[in-house]
S.K.: 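So that we are looking at the same thing, I have put the structure below in structure tokens.
This chain uses plain numbering: 1 for the first residue, then up along the sequence. For ligands, and for the atoms within them, numbers begin at 1 and follow the listed sequence.
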Amino acid sequence: MKFSVPALALAFATVAVAQFDEPSAPFYLVLESDDASVNSKTLTACHEGAAIEGLCLSDALDSYPTGQAPSTFRFNSSSNIDPPAEGLGRPGYLTYLLIGNDFEVSSGLQFFADPSTNVGHPQFYPGPDGAQTLAFDTKNYLTVQTYVDDTVTPPKPGDFKAIERWFACTTYSQSYTNDSLNWVYGKAEPQNPSCKAVRVKRIFTGKRAA
Ligand SMILES: *[C@@H]1O[C@H](CO)[C@@H](O)[C@H](O)[C@H]1NC(C)=O
Ligand SMILES: *[C@@H]1O[C@H](CO)[C@@H](O)[C@H](O)[C@H]1NC(C)=O
């Protein structure tokens with residue numbers, strides 16, 4: 001069935017309020033980069049405030065368990081929502097289970113935007129509220145899906161595509177200085193000089209030799 005552009009745009013807008021309540025199997029997140037200092041590093045949820053975690057760099061999967069261990073994450077999606085285009089994958093939320101002394105809470109990844117920088121800082125907050133809609137493409141790379149191209153005048157809606165503007169950067173957030181995963185807004189270079197371009201790939205925990 002073919003949808004017209006307004007129907008597609010409407011479907012995409014609905015995604016923001018859709019329930020992403022079907023968790024995937026658990027997986028690790030692994031960085032791929034031309035920069036050897038971050039290539040094959042993994043990501044671990046790291047404390048950046050009360051019940052708030054950033055995504056810090058941890059050691060490569062093959063250094064585990066002696067190196068700094070990665071966290072496991074899940075992707076909450078919905079079988080009611082189809083991928084917007086071939087190869088792009090279903091939208092949903094990246095989630096992390098925060099385990100406290102006497103509680104467990106599934107937390108969704110949000111993008112914290114500080115207007116003084118083009119480097120957005122993803123953090124997990126308890127629950128789905130405010131979570132950023134993301135997707136894994138069919139090759140398991142983490143993306144942001146968009147259907148508006150604002151680099152042309154007038155902006156052109158209708159072509160769904162997946163973009164990847166992930167960077168590993170040394171960031172300062174709520175008194176924590178960490179090497180973390182970040183998102184750069186727009187096509188510009190990150191203003192933070194420590195940032196190194198990365199791709200973020202999921203590797204399901206069951207697929208890795210123990
Ligand atoms: C993910 O899905 C599970 C199962 O429906 C739900 O309990 C959890 O709250 C969801 N997490 C987020 C962050 O939406
Ligand atoms: C994050 O930064 C804090 C202090 O700035 C440090 O104690 C902690 O070890 C860092 N976490 C990681 C995972 O690098």
S.K.: Under 4.0 Å from a heavy atom of Gln68: give me the atoms of ligand 2 that qualify, with their elements.
M.R.: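 Matching atoms, with element in brackets: 13 (C).
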S.K.: In the protein, what heavy atom is nearest to atom 14 (O) of ligand 1, and what distance, to one decimal place, separates them?
M.R.: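 In this structure, atom 14 (O) of ligand 1 has Pro128 CB, 3.3 Å as its nearest protein heavy atom.
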S.K.: Over 60° means perpendicular and under 30° means parallel, so classify the ring planes of Phe124 and Tyr96, tilted if in between.
M.R.: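 Aromatic pair Tyr96/Phe124 classed tilted.
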S.K.: Is atom 7 (O) of ligand 1 near the protein, in the sense that some protein heavy atom lies at less than 4.0 Å from it?
M.R.: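 It does not: no protein heavy atom is found less than 4.0 Å away from atom 7 (O) of ligand 1.
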S.K.: Taking only heavy atoms of Gly108, which atoms of ligand 1 are found under 4.0 Å from at least one of them?
M.R.: 13 (C)
S.K.: Which word best sums up how the rings of Trp183 and Phe111 line up, parallel for under 30°, tilted for 30 to 60°, or perpendicular for over 60°?
M.R.: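 Because their plane-to-plane angle lies in the 30° to 60° range, the rings of Trp183 and Phe111 count as tilted.
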S.K.: Counting only heavy atoms closer than 4.0 Å, does ligand 1 sit against the backbone of Thr95, its side chain, both, or neither?
M.R.: side chain
S.K.: Can you tell me which residue and heavy atom of the protein come closest to atom 11 (N) of ligand 1, and the distance to 0.1 Å?
M.R.: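 Scanning the protein heavy atoms, the shortest distance from atom 11 (N) of ligand 1 goes to Ser106 OG, 2.7 Å.
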S.K.: Do the non-hydrogen side-chain atoms of Leu31 and Lys41 ever get within less than 4.5 Å of each other?
M.R.: yes
S.K.: Tell me yes or no: between the side chains of Asp35 and Ser33, is some donor less than 3.5 Å from an acceptor?
M.R.: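 Ser33 and Asp35 do not have a side-chain donor-acceptor pair below 3.5 Å.
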S.K.: Check each heavy atom of Ala131 against ligand 1 and say whether those closer than 4.0 Å belong to the side chain, the backbone, both or neither.
M.R.: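 It is neither part, as no heavy atom is under 4.0 Å.
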S.K.: Identify the residue among Asn192, Thr171, Thr170, Val198 that makes a side chain to side chain contact (heavy atoms under 4.5 Å, CB included) with Asn182.
M.R.: Thr171
S.K.: Among all protein heavy atoms, pick out the one at the shortest distance from atom 1 (C) of ligand 2; state its residue, atom name and that distance to 0.1 Å.
M.R.: Asn178 ND2, 1.6 Å
S.K.: Does the side chain of Asp149 reach to within under 4.5 Å of the side chain of Asp159, using non-hydrogen atoms?
M.R.: no
S.K.: Against heavy atoms of Gly127, which atoms of ligand 1 measure under 4.0 Å?
M.R.: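 Near Gly127, the atoms of ligand 1 are 13 (C).
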S.K.: Considering only protein heavy atoms, which is closest to atom 5 (O) of ligand 2, and at what distance to one decimal place?
M.R.: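 It is Thr177 N, 3.1 Å.
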S.K.: For atom 4 (C) of ligand 1, what's the nearest protein heavy atom and its distance?
M.R.: Asp21 O, 3.4 Å
S.K.: Check step by step if side chain to side chain contact (heavy atoms under 4.5 Å, CB included) holds for Gln123 and Gln174.
M.R.: CA-CA 12 Å; Gln123 289 176 318; Gln174 290 160 40; 4.2 Å; yes
S.K.: Hydrophobic clusters here meaning ILVMFWY residues chained together by side-chain heavy-atom distances under 4.5 Å, can you tell me if Val119 and Tyr172 are in one?
M.R.: no
S.K.: Considering only protein heavy atoms, which is closest to atom 3 (C) of ligand 1, and at what distance to one decimal place?
M.R.: Asn76 ND2, 3.6 Å
